[in-house]
Amino acid sequence: MKFLAIIPARYSSSRFPGKPLAKICGEEMIVRVCRRVSEAGIECLVATDDQRIYECVERAGFHAVMTSEKCGSGTERVEEAYRNIGSDADVVINVQGDEPFIHKEQIETLKNIFEQHPSTQIATLVRRYTPESGFEGLKDPNLVKVVLADSGKALYFSRSVIPYVRNIREEDWLRNVVFHTHIGIYAYTAVTLKNIVSLPVSTLEKAESLEQLRWLQNGYEIQTADSDYETIGIDTPADLKAAEEYLRRLTEDR
């Protein structure tokens with residue numbers, strides 16, 4: 001089974017324009033993502049709509065491909081790049097361009113899902129929410145929650161806290177229920193990727209602003225796997241500062 005990692009990266013962002021080129025301790029974020037993904041030993045490339053990002057990636061020794069500015073999501077950009085390069089990969093892994101601390105082990109985990117379960121259509125990663133992080137942190141709408149079937153398949157994703165724990169005070173929920181949060185890295189079979197980008201926006205997706213709900217609402221199954229590795233997704237300049245502090249701590253610990 002052949003795997004290909006594609007990293008979608010666009011320049012425009014309402015909360016953080018130019019985010020892929022923002023530097024973390026002197027190096028562009030998108031270059032850090034490329035380096036982390038390349039450690040997994042699979043082919044990877046950046047799909048972008050901006051010449052500056054393209055040139056930055058190529059200058060760093062990685063590969064990039066230009067895609068349309070009209071792509072409505074990272075998944076659409078990934079599919080366009082896959083189609084344009086004429087790849088024969090069986091499975092495409094979509095690594096967010098704002099995940100500079102992605103671990104090669106997480107990519108290996110996704111690969112293992114398809115190798116062990118050939119019928120998998122879509123795969124993604126989840127993390128058990130630690131009670132030490134506090135219930136207020138779990139309420140953050142930017143932290144996507146997911147409920148799982150016993151098989152590990154995703155039942156639903158939400159920005160709200162799910163499941164709702166009835167007849168127990170909120171401050172005691174974390175002691176009674178295991179909550180899972182979503183790690184925004186996906187893998188799809190090439191056929192599934194081609195099909196899901198043609199689906200119209202669904203009512204659930206529109207309500208929660210979560211693209212994966214479109215797939216669930218149309219009957220696709222999303223297999224999940226646990227990952228305990230810490231990553232920091234960067235959505236705002238404040239997140240960038242947190243990432244720099246995290247990287248400095250890692251360097252000092254070594």
Side-chain angles (χ1 to χ4, degrees), residues 1-11 13 19-50 52-67 71 73-85 87-115 120 122-127 182-190 192-193 224-235 239-240 243-244 246-247 250:
M1 188 171 285
K2 184 176 180 181
F3 295 86
L4 168 67
I6 301 181
I7 306 164
R10 66 189 183 97
Y11 189 88
S13 170
K19 180 169 62 173
L21 299 180
K23 292 186 177 181
I24 303 175
C25 297
E27 185 173 52
E28 293 86 353
M29 186 189 316
I30 191 63
V31 174
R32 287 189 176 275
V33 178
C34 289
R35 183 169 293 110
R36 299 291 288 229
V37 174
S38 66
E39 291 174 357
I42 63 174
E43 180 185 358
C44 72
L45 59 89
V46 171
T48 185
D49 61 355
D50 190 271
R52 290 163 291 188
I53 296 174
Y54 178 95
E55 292 174 357
C56 173
V57 170
E58 292 282 331
R59 191 165 53 244
F62 299 101
H63 298 296
V65 59
M66 293 296 295
T67 53
C71 291
S73 67
T75 303
E76 289 183 14
R77 196 172 304 283
V78 166
E79 191 277 333
E80 182 182 328
Y82 174 83
R83 178 164 31 90
N84 286 349
I85 65 173
S87 174
D88 62 350
D90 304 293
V91 175
V92 182
I93 301 175
N94 176 351
V95 181
Q96 303 298 320
D98 56 6
E99 288 279 356
F101 301 107
I102 195 77
H103 293 262
K104 66 178 182 180
E105 290 84 358
Q106 293 175 307
I107 295 174
E108 288 294 334
T109 297
L110 284 175
K111 289 174 60 180
N112 289 338
I113 292 175
F114 288 89
E115 290 169 344
T120 299
I122 305 171
T124 192
L125 300 179
V126 299
R127 180 185 293 113
H182 183 221
I183 300 171
I185 175 174
Y186 297 102
Y188 342 74
T189 64
T192 299
L193 176 59
T224 74
D226 286 311
S227 174
D228 293 328
Y229 288 97
E230 182 178 3
T231 61
I232 299 177
I234 298 173
D235 293 317
D239 293 335
L240 183 67
E244 288 191 316
Y246 174 69
L247 185 59
L250 287 180

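Source: prediction; values computed, not measured.
The shortest distance between side-chain heavy atoms of T48 and P20 does not fall below 4.5 Å. Between S227 and T109, every side-chain heavy-atom pair lies at or beyond the 4.5 Å cut-off. Taking the side chain as every heavy atom from C-beta outward, T75 and Y188 approach each other to under 4.5 Å. The closest side-chain heavy-atom distance from F62 to I30 is not below 4.5 Å.
To the nearest 0.5 Å, atom CD1 of residue I7 and atom CG of residue D98 are 11.0 Å apart. Rounded to the nearest 0.5 Å, atoms CD (E76) and CG (L193) are 10.5 Å apart. Interatomic distance, L110 CG to I185 CD1, rounded to the nearest 0.5 Å: 5.0 Å. Summarising the geometry, atom CD belonging to E43 is positioned 7.5 Å from atom NE2 belonging to H63; distances are rounded to the nearest 0.5 Å. Taken from OH in Y82 to CG in D88, the straight-line distance is 7.0 Å, to the nearest 0.5 Å. A distance of 10.5 Å separates CZ in R36 from CD in E99, rounded to the nearest 0.5 Å.
Under the 4.0 Å criterion applied to side-chain N and carboxylate O atoms, R35 and E39 are not assigned as salt-bridge partners. Using a 4.0 Å cut-off between a side-chain N of Lys or Arg and a carboxylate O of Asp or Glu, R77 and E80 do not qualify as a salt bridge.
Under a 3.5 Å cut-off, the side chain of R10 and the backbone N or O of D50 do not form any donor-acceptor pair.
Considering all non-hydrogen atoms of both residues, A81 and A47 come closest at CB-CB, 3.6 Å. Between H103 and Y229, the shortest heavy-atom contact is CD2-CB, 3.4 Å. Looking at every heavy atom in both residues, V46 comes nearest to A9 through CG1-CB, 4.0 Å.
Considering only residues two or more places apart in sequence or on other chains, Y186 meets the ring-ring contact (aromatic ring centres under 6.0 Å, His included) condition with H182, W215. In terms of the ring-ring contact (aromatic ring centres under 6.0 Å, His included) criterion, Y11 has no residue partners (sequence neighbours excluded). Legend: residues meeting side chain to side chain contact (heavy atoms under 4.5 Å, CB included) with A22, ordered by chain and number and at least two apart, are F16, M29, L240.
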With side-chain contact (heavy atoms from CB on, under 4.5 Å) as the criterion, how do N94 and I6 come out once you've worked through the C-alpha distance, each side chain's angles and the decisive distance to 0.1 Å? CA-CA 5 Å; N94 176 351; I6 301 181; over 6 Å; no
side-chain contact (heavy atoms from CB on, under 4.5 Å) assessment of T189 paired with F114: CA-CA 9 Å; T189 64; F114 288 89; 3.8 Å; yes
Check the pair R32 / C25 against side-chain contact (heavy atoms from CB on, under 4.5 Å), numbers first and verdict last. CA-CA 10 Å; R32 287 189 176 275; C25 297; 4.0 Å; yes
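Checking each of V78, I93, I85, D90 against L4 for a side chain to side chain contact (heavy atoms under 4.5 Å, CB included) leaves exactly one that passes, namely I85.
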